[in-house]
Engineer: 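Quick one: the structure is below, and I'll ask about it shortly.
Here is how names work: the chains are called A, B, and so on, in the same order as the sequence lines, proteins then strands, and each is numbered from 1. Since the model is a prediction, treat every value here as computed from it, not as a measurement.
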Amino acid sequence: MEIPDLPSWPTTVREAEAVQDRLRSCVDLTSPGPESVRTVAGLDVAYAEDRLAAAVVVLDVDRLEVVEEIVVRDRPSFPYVPGLFAFRELPALIEGLRRLSVTPDLLICDGHGLAHPKRFGLACHLGVLTGLPAIGVGKTRLVGAYDEPGADRGSWSNVTDGDEVVGRALRTQTGVRPIFVSVGHLTDLETACEVTLRLTPRYRLPESTRRADRLSRRALAAS
DNA sequence: GCGACAG
DNA sequence: ATCTTGTCGC
């Protein structure tokens, strides 16, 4: 798919925060989201020393079968700093999306969207840069407070930061810890959770994320 | 000053 | 994220 070239990449925390402040106004949470989500792209990155492998796996949501997969080798573009995580792996993920021959209906990011201190997590950033609907699915909380969801699969509770609902803690399997779903771009929280549940028929994490995780690790090991 | 802190 | 052994549970 077509994605504009990335601008010069920030080097310091100060510069990265300036980019977030400038781009967060581009997040669209009011336009209607995808009419129907038939395909999703799972994105994940594996690291080793100073190398990384980014994987993009497009899945057919109904059949949970792989439609296309891409791997990109690169080097971290930024150190890991809570809140600035996107600057670390975004370049490699964008390149992976560029090489895709199909355009997924929704991006499933390994991290958060609005559930971010500045309301501009990886899912928002990726959504704005690609113009595609995007959501964030994290394994642990970054910001906000939440009550423990009910014990059954499908149970959820809102994650709130101050008086804002920034996401949901969603129990995707009975007996496992909840995952954290938040909106990134051109999607609503309801849809985000519905799709996430469709992608977790058997495991805690979305099948898209699991596939991308396996692929990125395999590619890194084989390099 | 003391924690908390996506991956 | 990654480093790591055994261990509890289905």
Engineer: Could you tell me whether the side chain of A:V27 reaches within less than 4.5 Å of the side chain of A:L186, counting heavy atoms only?
Structural biologist: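 Result no, sub-4.5 Å side-chain heavy-atom pair not found.
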Engineer: Establish, with yes or no, whether the OP1 or OP2 oxygen of C:dT2 is under 4.0 angstrom from a side-chain nitrogen or oxygen of A:R217.
Structural biologist: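 Checking C:dT2 against A:R217, a side-chain N or O does come within under 4.0 Å of OP1 or OP2.
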Engineer: Considering non-hydrogen atoms only, spot the tightest contact between A:L114 and A:C124 and give its length.
Structural biologist: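 Minimum heavy-atom separation between A:L114 and A:C124: N-SG, 3.7 Å.
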Engineer: Between atom OH in A:Y80 and atom P in C:dT2, what is the gap in whole Å?
Structural biologist: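 From A:Y80 OH to C:dT2 P: 13 Å.
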Engineer: Establish, with yes or no, whether the OP1 or OP2 oxygen of C:dA1 is under 4.0 angstrom from a side-chain nitrogen or oxygen of A:R88.
Structural biologist: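 Looking at the OP1 and OP2 atoms of C:dA1, neither is under 4.0 Å from any side-chain N or O of A:R88.
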Engineer: Do you see a donor-acceptor pair shorter than 3.5 Å between the side chains of A:T12 and A:R14?
Structural biologist: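 Not at all, the side chains of A:T12 and A:R14 share no donor-acceptor pair under 3.5 Å.
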Engineer: Determine the contact category for A:G175: base if any of its heavy atoms lies under 4.0 Å from a base atom, sugar-phosphate if only primed atoms, P, OP1 or OP2 are that close, otherwise nothing.
Structural biologist: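 The answer is nothing, as A:G175 stays clear of every strand by at least 4.0 Å.
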Engineer: Cut-off 3.5 Å, side chains only: do A:R168 and A:S157 have a donor facing an acceptor?
Structural biologist: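 Judged by distance alone, the side chains do not pair up.
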Engineer: In whole Å, what is the span from the CZ atom of A:F180 to the C1' atom of B:dA4?
Structural biologist: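 These atoms are roughly 14 Å apart.
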Engineer: Just checking A:G121: base, sugar-phosphate only, or nothing, at a heavy-atom cut-off of under 4.0 Å?
Structural biologist: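 It contacts base atoms.
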Engineer: Using only side-chain N and O atoms of A:T140, determine if any of them is under 4.0 Å from OP1 or OP2 of B:dC5.
Structural biologist: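 No, because none of the side-chain N or O atoms of A:T140 sits under 4.0 Å from OP1 or OP2 of B:dC5.
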Engineer: At 4.0 Å (heavy atoms only), tell me whether A:A46 reaches a base, stays on the sugar-phosphate, or touches nothing.
Structural biologist: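 Here A:A46 touches the backbone only, sparing every base.
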Engineer: In whole angstrom, give the distance that lies between atom CZ of A:R177 and atom C1' of B:dA6.
Structural biologist: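 So the two atoms are 14 Å apart, to the nearest Å.
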Engineer: How close or far is atom P of B:dG7 from atom CG of A:L122, stated in whole angstroms?
Structural biologist: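 Rounding to the nearest Å, CG of A:L122 and P of B:dG7 are 10 Å apart.
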Engineer: Give the rounded distance in Å between these two atoms: CG of A:D44 and P of C:dA1.
Structural biologist: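 It works out to 7 Å between those atoms.
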Engineer: Without decimals, in angstroms, what is the distance between A:Y146 OH and B:dA6 P?
Structural biologist: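 In whole Å, B:dA6 P lies 12 Å from A:Y146 OH.
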Engineer: Under 4.0 Å, counting only non-hydrogen atoms across every strand here, what does A:L90 touch: a base, just sugar-phosphate, or nothing?
Structural biologist: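 No contact.
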Engineer: Separation of A:D50 atom CG from B:dG7 atom C1', in whole Å?
Structural biologist: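 A:D50 atom CG is separated from B:dG7 atom C1' by 17 Å.
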Engineer: Looking at B:dG7, I'd like to know if its phosphate oxygens (OP1 or OP2) sit under 4.0 Å from a side-chain N or O belonging to A:Y47.
Structural biologist: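 For A:Y47, the contact criterion (side-chain N or O under 4.0 Å from OP1 or OP2 of B:dG7) is not met.
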Engineer: Please confirm whether A:R88 makes a cation-pi placement over A:Y47, using NZ or CZ under 6.0 Å from the six-membered ring centre and within 45° of the ring normal.
Structural biologist: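 Judged by the rule (NZ or CZ under 6.0 Å from the ring centre, within 45° of its axis), A:R88 counts as positioned above A:Y47.
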Engineer: Whole-Å distance between C:dA1 P and A:L52 CG?
Structural biologist: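 To the nearest whole Å, that distance equals 14 Å.
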Engineer: Does the side chain of A:K139 get closer than 4.0 angstrom to OP1 or OP2 of B:dA6 through an N or O atom?
Structural biologist: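 So the side chain of A:K139 is outside the cut-off, no N or O lying under 4.0 Å from OP1 or OP2 of B:dA6.
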